[in-house]
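Just so it is clear, the model here is predicted, and its values are computed rather than measured.
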Amino acid sequence: MDVNATGGSALMSLDQDYPEIRESVRRICAGFPGAYWRDLEKREEYPTEFVRAVTEAGYLGALIPEEYGGSGMPLRAASVILEEIHSSGCSAGACHAQMYIMGTLLRHGSEEQKRRYLPGIASGALRLQAFGVTEPTSGSDTTSLRTRAMREGDHYVVTGQKVWTSRALHSDLMLLLARTTPRDQVKKKTEGLSVFLVDIRESLGKGMEIRPLPAMINHNTTEVFLDNLRVPAENLIGEEGRGFRYILDGMNAERVLVASEGLGDARWFIRKAAAYVNERVVFDRPIGKNQAVQFPIARAHVETEAAELMIRKAAALFDAGLPCGAEANMAKLLASEASWSAAEACLQCHGGFGYAREYDVERKWRETRLLQTAPISTNMILAYVGEHVLGMPRTY
């Protein structure tokens, strides 16, 4: 069944698409059961084996064109990959950035940069997992970031600090956003920001320090300290001062892919909850007979189905080269809320066992809660919709 775009061309399939990819991802994930993730979390370690398996299957290079060694898949295929990883009880948080961070390089980098880096990123020989944007003082107010990059000959000298830079200790390269022109010297606050591709391997101990940042989930996040770090000028992506636009350009893909993870989480919770309430007998009856137990699970399913439609629409628009900012943001909001509703219902129906680590419910519950906050908070999405979709006054 197809939904037709203007002009009659098929835009969005409603069937279960990419069945071969789905089955392949499920087979990979079957080798990494809950015990694997629980052990990693206990030791606060990176899922190296899992990332290797997904990389070797070619899935982390899904969006890189074939001419640069990737699979050349559409965004919808990448969306399915992440959905199935999370639906299987695994987590793509350790590697999903390899899919979408490279978009800035692909769309705005020079041909020489693309030839130099993309084949290695596609094969997994190079890890581009780290995205240095958020800072302790600016948070979501990206244009107020304080990290400075000053041109000195054939290098930029970078000084500043980044926080919540996930996977930096397990990445070879980092996309770094820094201000190259002071904010009081530009007409618009979005101007004067530039993007650099930083080689972490060459930078550690030479102006870059990375410290682990222990958090509620095993997300391998860090703080990055930059003190007169010298970055070759040839590592500037695109034009100086246009970095904020380049970063925004990749946000739609990120929103859709993260929404797909939320969708997968929701499916895992709903499947887990429905199975448990059918089997768990209290007062001589399955607890699923009780409407107070059954209805929250059913409602979460309804919300999940609605979120999937918006994810599919956003991906279809993206792949067709059409504007999709509103749809990508709404997909992320709907999926994050559906996954949280499903998580709450699943934890609640398991009673005390929901808190037992061996059931994996509490781990997934903690992991999916992140989607309310990152990579963009729910309120920021509502502000976007209010201003850019509904034409209401800017709220910030």
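- For NZ of K289, the number of neighbouring non-hydrogen atoms (other residues, nucleotides, ligands) closer than 6.0 Å is 12 at most.
- Each of I376 and M99 belongs to its own hydrophobic cluster when Ile, Leu, Val, Met, Phe, Trp and Tyr are linked at side-chain heavy-atom distances under 4.5 angstrom.
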In sequence, state the C-alpha distance, the side-chain angles, and the governing distance for R179 and R146, and then conclude on side chain to side chain contact (heavy atoms under 4.5 Å, CB included). CA-CA 7 Å; R179 184 163 284 285; R146 297 180 180 180; over 6 Å; no
Carefully, step by step, assess I121 and L105 under the rule side chain to side chain contact (heavy atoms under 4.5 Å, CB included). CA-CA 11 Å; I121 295 170; L105 171 62; 4.3 Å; yes
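- Evaluation of the side chain to side chain donor-acceptor pair (under 3.5 Å) test over residues 342-351, restricted to residues two or more places apart or in two chains, returns E344-W365.
- Enclosure of atom CZ in R299 is not indicated, since only 12 or fewer non-hydrogen atoms of other residues, nucleotides or ligands lie within 6.0 angstrom.
- How far CD1 of I297 is from OH of Y276: 11.0 Å, rounded to the nearest 0.5 Å.
- For the residue pair S144/S138, the side-chain donor-acceptor check at 3.5 Å is not satisfied.
- Taking the charged nitrogens against the carboxylate oxygens, R245 and D249 have no contact shorter than 4.0 Å, which rules out a salt bridge.
- Put simply, CD on E362 and CD on E367 are 9.0 Å apart, with the number rounded to the nearest 0.5 Å.
- W268 has its side chain within reach of K272: a pair of non-hydrogen atoms, C-beta onward, lies under 4.5 Å apart.
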Might you work through the side chain to side chain contact (heavy atoms under 4.5 Å, CB included) test for T181 and E191, ending with a clear yes or no? CA-CA 8 Å; T181 304; E191 297 174 348; over 6 Å; no
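- Between E337 and K332 no salt bridge is recorded (no basic side-chain N to carboxylate O distance below 4.0 Å).
- Between the side chains of Q129 and H170, no donor-acceptor pair is found at a separation under 3.5 Å.
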Walk me through it: do T165 and T134 pass the test side chain to side chain contact (heavy atoms under 4.5 Å, CB included)? CA-CA 7 Å; T165 307; T134 305; over 6 Å; no
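- Atom CD of E45 sits in a crowded spot, with more than 12 heavy atoms from other residues, nucleotides or ligands closer than 6.0 Å.
- With hydrogens and angles disregarded, no donor-acceptor distance shorter than 3.5 Å links the side chain of E327 to the backbone of K313.
- Using modelled atom types, one side-chain atom of D319 and one backbone atom of L75 make a donor-acceptor pair closer than 3.5 Å.
- Side-chain atoms of Q113 come within 3.5 Å of backbone atoms of S110 as a donor-acceptor pair (strictly under, hydrogens ignored).
- P286 is not listed as a side-chain neighbour of N278, based on a closest heavy-atom distance of 4.5 Å or more.
- T159 is not listed as a side-chain neighbour of L229, based on a closest heavy-atom distance of 4.5 Å or more.
- Inspection of the S341 and E303 side chains reveals an N or O donor paired with an N or O acceptor under 3.5 Å.
- Put simply, the side chain of S71 does not reach to within 4.5 Å of the side chain of I64, judged on heavy atoms.
- Residues I101 and E254 fail the side-chain proximity criterion, which asks for heavy atoms closer than 4.5 Å.
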E135 and T147: side-chain hydrogen bond (donor to acceptor under 3.5 Å, both in side chains), yes or no, with the steps? CA-CA 8 Å; E135 298 187 359; T147 298; 2.5 Å; yes
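- The pair E240-R151 does not count as a salt bridge, with every side-chain nitrogen at least 4.0 angstrom from each carboxylate oxygen.
- A distance of 8.0 Å separates CG in L263 from OG in S87, rounded to the nearest 0.5 Å.
- Considering R366, K364, R369 in turn, K364 is the only one that fulfils the salt bridge (charged side-chain N to carboxylate O under 4.0 Å, His left out) rule with D265.
- Note that R52 lies outside the cation-pi zone of F50, set by a 6.0 Å cut-off to the ring centre and a 45° limit from the axis.
- One finds the CD atom of Q372 at 7.5 Å from the CG atom of L333 (value rounded to the nearest 0.5 Å).
- In this structure, E202 does not pair ionically with K206, as no charged nitrogen and carboxylate oxygen lie closer than 4.0 Å.
- For the residue pair E234 and R116, the shortest heavy atom distance occurs at OE2-NH1, 3.3 Å.
- Salt bridge R312/D17: present, at least one basic N to carboxylate O contact under 4.0 Å.
- Annotation for S194 and L236: closest pair CB-CD1, 3.8 Å, computed over non-hydrogen atoms.
- Note: the hydrophobic cluster containing I247 also contains L193 (ILVMFWY, side chain heavy atoms under 4.5 Å, direct or indirect links).
- Listed here is the closest heavy atom pair of R267 and E305: NH1-OE2, 3.0 Å.
- There is a path of hydrophobic side-chain contacts, each under 4.5 Å, that joins M392 to M330.
- In summary, the side chains of Y59 and S24 do present a donor paired with an acceptor at a separation below 3.5 Å, with no hydrogens or angles considered.
- Aromatic ring pairs are classed by plane angle as parallel below 30°, tilted from 30° to 60° and perpendicular above 60°; the pair Y246 and H108 is parallel.
- Residues E84 and C29 fail the side-chain proximity criterion, which asks for heavy atoms closer than 4.5 Å.
- Taking 4.5 Å as the limit, some side-chain heavy atom of Y68 sits within range of a side-chain heavy atom of K114.
- Below 30°, between 30° and 60°, or above 60°: for F32 and Y36 the angle between ring planes is above 60°, a perpendicular geometry.
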With side-chain hydrogen bond (donor to acceptor under 3.5 Å, both in side chains) as the criterion, how do S79 and R76 come out once you've worked through the C-alpha distance, each side chain's angles and the decisive distance to 0.1 Å? CA-CA 5 Å; S79 169; R76 177 56 191 160; 3.3 Å; yes
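- Note: the hydrophobic cluster containing V54 also contains L128 (ILVMFWY, side chain heavy atoms under 4.5 Å, direct or indirect links).
- Hydrophobic clustering (side-chain heavy atoms under 4.5 Å, transitive across Ile, Leu, Val, Met, Phe, Trp, Tyr) keeps V163 apart from M174.
- By the neighbour-count criterion of 12 heavy atoms within 6.0 Å, atom CZ of R357 is sparsely surrounded, having that number or fewer from other residues, nucleotides or ligands.
- The side chain to side chain contact (heavy atoms under 4.5 Å, CB included) test with L176 is passed by exactly one of V133, L226, L197: L226.
- Side-chain polar atoms of N329 and R255 form a donor-acceptor pair below 3.5 angstrom.
- Closest of all the heavy-atom pairs between S171 and I200 is O-CD1, 3.7 Å.
- Residue T304 holds its OG1 atom at 9.0 Å from CD1 of I311, rounded to the nearest 0.5 Å.
- Considering all non-hydrogen atoms of both residues, T180 and G241 come closest at OG1-N, 3.9 Å.
- Note that the NE2 atom of H86 and the CD atom of E261 stand 3.5 Å from one another [nearest 0.5 Å].
- Contact record, P74 with Y18: CG-OH, 3.1 Å, taken as the closest heavy-atom pair.
- The side-chain heavy atoms of R148 and M150, taken from C-beta on, include a pair separated by under 4.5 Å.
- For the residue pair T222/N220, the side-chain donor-acceptor check at 3.5 Å is not satisfied.
- Sorted by first then second residue, the salt bridge (charged side-chain N to carboxylate O under 4.0 Å, His left out) pairs that include residues 220-233, not counting sequence neighbours, are E152-R230.
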